[in-house]
Structure formats: C-alpha cells, structure tokens
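What follows is a short report on a single structure.
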Amino acid sequence: MINKNGKDYYDVIIVGAGIAGIECAKNLGNTGLGVLIVEKNKNLGEKVCAGGIILEDLEYIPKHFLNFNFRKIQIHYKDKTIILPTDGGIISTINRKRLLNHELKGLKKNDNIKILTGVSVLKILTNNTLELSSSKKLRFKFLVGADGSNSVCRKYLDLSTNKSITAFQYIFPMEFKNFHIYLDDKLFGTGYLWIFPHKNYTSIGCISDNRFINTRQLRSNFNFWLEKNDIDVSKARFQAAMINYDYAGYKFGNIFLIGDAAGLTSGLNGKGIYSAFLSGRQVANEILQKKDLPNLIKVWLKRKRQEEIDIFFLKSVFLRNIYWSIGIRLLSFLKSRIL
C-alpha cells in the first residue's frame, strides 16, 4: 500500500534510478511497502560509463541485453600486446539506457512503487523527512541513497570523499572490432585507457586515481594519446565524471547508501556495475528483514579491500612497473599470445 500514513509518506524512498536504485526497487516490488523512486533526470542512463560487462555481471544481466557475444580483449603494455583469449572473447558491453528503461517499465507494473523523474531531492531535512526540488516535503521510514558519487544522501551523513577516480570518454559514431586496454604509467598513472565497442558506436576513455594524477593533467594526457594515435574527436561527444570509491559504510540507522553513493565502485578499475546490482539487492533484503541470506556487500568488500592494497602499491612508479610486468607475464601463461 502506497502512502499508508498519508499522501506525503512512503515506507521507502530511493534517491536515484540508476542500476543500484532500480535493483533495490525491483526487489521491493509487490511487498506491501510504499516505495518512491526519485530521479533527477527525465531520461535514465545519463552517466559516464564505458558499459563493459564481464562474466560475473551475467548474474544480474540477462544475456539478451548484451550488445554482442563476448569478444577478444587486447591488453597493451609498453611493447607487448596480450590477446585474451585465443578462442573467443571474455567481455561485452551493454547499453545502460536500454537496460534501465526496460527495468523501469517492469517496475511500473508494481502497484506499490511510484516513480518520479525530472525531480531531484533538494535536501534531507531530518532522518525521516526530505524536500524535493518542487518544494514538496516527504516523510519516510527508510531512505536509500542511490544517487551516485555526488550523493545528497552521503552529504547529509557528512561522509567525506577522499578516494575518487576521474573518468573521461569520447563517444564515437563507429564500432571497433575488439576491446582494448592500454596501460601507460606516464600518461595514466594507476589507471588505464580503454576502447570499448558498442552497437553503432564506441567509447574511448581513460581513468586514473585523483590522488596520483590531477584532473587537468589527465585530460591533457588523454588528448595527447588521442592525437598520437591519429584519432579525430571532432565528431565525437565528450563526457567527464568523478567516481567515488571511498567506502565508509552503507547502513546508518534508517538511511542506506548503495552503488557509487556508498563508494562501492572498484578503485582499481573503476567498474561499478556489479557492486551496484549486489548492493541494491542487499539493502532491499535488509529492509525486508531477510536475515537468513548472505550479506552480499560484505562479500564484495573482501575483494574491494584487496584492491585497496593493490592501489597502495601502484602509487609507486617503481612498484607499478613491477606489478604490471608480472601481471603481463602471468597472463601470457594463461594460454594467451604475446604479439
């Protein structure tokens, strides 16, 4: 039942209709809880994202949403190129807009879920009240912050963001045959440059930890690489974003953070789709008091903490070169080819 205690009350308000927010709402569908999703954009999927999908993501994403069958990925480091694998690919991409709009259409079939798009949360007033950009005030029992790296919910909780990644990308109206990852210590530090093909377009972008390369220098290095490789960006669409990976908890009384808002994105590779799905599901499970299920976020954090250790070593240029050199050699033993 929606608004069982009045027209301005919801059992659960989810701020943000990205992957994490949609997954959370999906698991709260037809539960009897009054759920409201508030999304600031009129159109879903407006986010800087290369859209890369690996095998673990298929736990949440049906295969028919993939742009194509898994393709080969080429990893470039100095004078070496590793092709993985030799007998077929291991990676694909998705169109975020298509996936999210499909999921949103499914949510609308749930009588207990209401969706507001083109409306933002102006501020959170108390642990039970927020104000929309329309000046309307709403009350809630649970609040779920799924509103990305610049989360209003995270700010209300007064959580700092000291660990972040800058991401730049150009969208080109052409499709590359395979995926490419370029490791270049001088240009991208602990990060990398990618070429990810989609249907009818390709994303070429880069990421790096803001603690090791500032945003201006990364943009300059990105442009240098594009010019060096004769890639014309005159007809491409440019996008930029900051990605938060500074995890400081996800449950704060009746307020939850999921996805980028919680800082669950991988600080090592910037990938956040998988952690967005699992955190959205975990918080829904907790709201529904499903105590007998494993905590998906805690399982993910074990992996994330190991990545944090890797990042610590990668901040050293000397150790970074050793780390990548060993990694390339290990990959070459996994039935890969060095060209």
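Looking at Ser149, its side chain does come within 3.5 Å of a backbone N or O of Met242 through a donor-acceptor pair. The main-chain N or O of Asn162 is found under 3.5 Å from a side-chain atom of Asp246 such that the two form a donor-acceptor pair. A donor-acceptor pair is defined here as one N or O able to donate and one able to accept, closer than 3.5 Å; no such pair exists between the side chain of Thr129 and the backbone of Leu125. Not one N or O on the side chain of Asn27 forms a donor-acceptor pair closer than 3.5 Å with the backbone of Arg281. Using a distance-only test at 3.5 Å, with no hydrogens or angles considered, a donor-acceptor pair links the side chain of Ser133 to the main chain of Ser120. With hydrogens and angles disregarded, no donor-acceptor distance shorter than 3.5 Å links the side chain of Thr166 to the backbone of Thr215. Here the side chain of Asn229 pairs a donor or acceptor atom with the backbone of Trp225 at under 3.5 angstrom. At distances below 3.5 Å, not a single donor-acceptor pair connects side-chain atoms of Ser92 with backbone N or O atoms of Leu66. At distances below 3.5 Å, at least one donor-acceptor pair connects side-chain atoms of Gln282 with backbone N or O atoms of Leu296. Judged purely by atom type and a 3.5 angstrom limit, Asn112 has no side-chain atom pairing as donor or acceptor with the backbone of Gly34.
Using cut-offs of 30° and 60° on the angle between ring planes, the pair Phe222 and Phe168 is parallel. Using bins of under 30°, 30° to 60° and over 60° for the plane-to-plane angle, the ring pair Phe176/His180 lands in the perpendicular bin. The aromatic rings of Phe196 and Phe179 sit perpendicular, their planes meeting at an angle over 60°, well past the 30° parallel limit.
In terms of heavy-atom proximity, Gly16 sits nearest to Ile37 at O-CG2, 4.0 Å. Residues Cys24 and Ala284 share a closest heavy-atom pair of O-CB, 3.6 Å. Between Leu28 and Thr31, the shortest heavy-atom contact is O-OG1, 2.7 Å. In terms of heavy-atom proximity, Leu187 sits nearest to Ile213 at O-CD1, 3.6 Å. When all heavy atoms are compared, the tightest approach of Val15 to Cys153 is CG2-SG, 3.8 Å. Ala261 and Gly145 make their closest contact through CB-O, 3.5 Å (heavy atoms, listed as atom of the first residue, atom of the second, distance).
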Go through Thr265 and Asp260 one step at a time and tell me if the side-chain hydrogen bond (donor to acceptor under 3.5 Å, both in side chains) criterion holds. CA-CA 6 Å; Thr265 296; Asp260 285 357; 2.3 Å; yes
Verify side-chain contact (heavy atoms from CB on, under 4.5 Å) between Leu132 and Leu116, making sure each step is shown before the conclusion. CA-CA 10 Å; Leu132 300 178; Leu116 289 178; 4.1 Å; yes
Run the side-chain contact (heavy atoms from CB on, under 4.5 Å) test on Ile287 and Val12 for me, step by step, so that the C-alpha distance in whole Å, both residues' side-chain angles and the decisive distance to 0.1 Å come before the verdict. CA-CA 9 Å; Ile287 290 173; Val12 184; 4.0 Å; yes
Yes or no on salt bridge (Lys or Arg N to Asp or Glu O under 4.0 Å) for Lys136 and Glu131, after CA distance, side-chain angles and deciding distance? CA-CA 6 Å; Lys136 187 173 184 178; Glu131 183 178 352; over 6 Å; no
Passes side-chain contact (heavy atoms from CB on, under 4.5 Å), Leu264 versus Leu257? Steps please. CA-CA 9 Å; Leu264 288 169; Leu257 298 177; over 6 Å; no
Carefully, step by step, assess Asn110 and Lys26 under the rule side-chain hydrogen bond (donor to acceptor under 3.5 Å, both in side chains). CA-CA 9 Å; Asn110 295 279; Lys26 184 177 178 180; over 6 Å; no
Determine, stepwise, if the pair Ile14 / Val38 fulfils side-chain contact (heavy atoms from CB on, under 4.5 Å). CA-CA 6 Å; Ile14 301 172; Val38 182; over 6 Å; no
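Looking at Lys163 and Glu308, a side-chain N of the basic residue comes within less than 4.0 Å of a carboxylate O on the acidic one, giving a salt bridge. Look at Asp8 and Lys137 and you find no salt bridge, because none of the NZ, NE, NH1 or NH2 atoms lies under 4.0 Å from a carboxylate O. Contact check on Asp184 versus Lys186 returns no salt bridge, with no Lys/Arg side-chain nitrogen under 4.0 Å from an Asp/Glu carboxylate oxygen.
A donor and an acceptor atom, one from each side chain of Tyr182 and Gln74, are nowhere located under 3.5 Å apart. Between the side chains of Ser164 and Asn244, not a single donor N or O lies within less than 3.5 Å of an accepting N or O. Using a 3.5 Å distance cut-off with no hydrogens or angles, the side chains of Ser266 and Asn269 do pair a donor with an acceptor. A donor-acceptor contact closer than 3.5 angstrom links the side chains of Asn127 and Tyr156. Asn221 and Gln217 are linked by a side-chain donor-acceptor pair at a separation below 3.5 angstrom, with hydrogens and angles left out of the test. In summary, the side chains of Gln169 and Ser203 do present a donor paired with an acceptor at a separation below 3.5 Å, with no hydrogens or angles considered. Looking at Asn128 and Thr126, their side chains never bring a donor and an acceptor atom within 3.5 Å of each other. Side-chain contact check for Tyr170 and Gln239: no donor-acceptor pair (N or O, by modelled atom type) lies under 3.5 Å.
Atom NZ of Lys304 has more than 12 heavy atoms from other residues, nucleotides or ligands within 6.0 Å. More than 12 heavy atoms of other shown residues, nucleotides or ligands fall within 6.0 angstrom of atom NZ in Lys271.
A heavy-atom distance below 4.5 Å is not found between the side chains of Tyr10 and Val35.
Distance CG/Leu301 to CD/Gln306: 13.5 Å, rounded to 0.5 Å. Rounding to the nearest 0.5 Å places CG of Asn67 at 6.5 Å from CG of Asn95. Tyr250 contributes atom OH, which lies 3.5 Å from atom CD of Glu286 (distance to the nearest 0.5 angstrom). The CD1 atom of Ile61 sits 9.5 Å away from atom CD of Glu103, with the distance rounded to the nearest 0.5 Å.
Both the sub-6.0 Å distance and the 45° axial angle are not jointly satisfied by Arg154 relative to the ring of Phe252.
Linking ILVMFWY residues whenever their side-chain heavy atoms come closer than 4.5 Å, directly or via other members, places Ile124 and Leu157 in the same cluster. Hydrophobic clustering (side-chain heavy atoms under 4.5 Å, transitive across Ile, Leu, Val, Met, Phe, Trp, Tyr) keeps Leu100 apart from Ile171.
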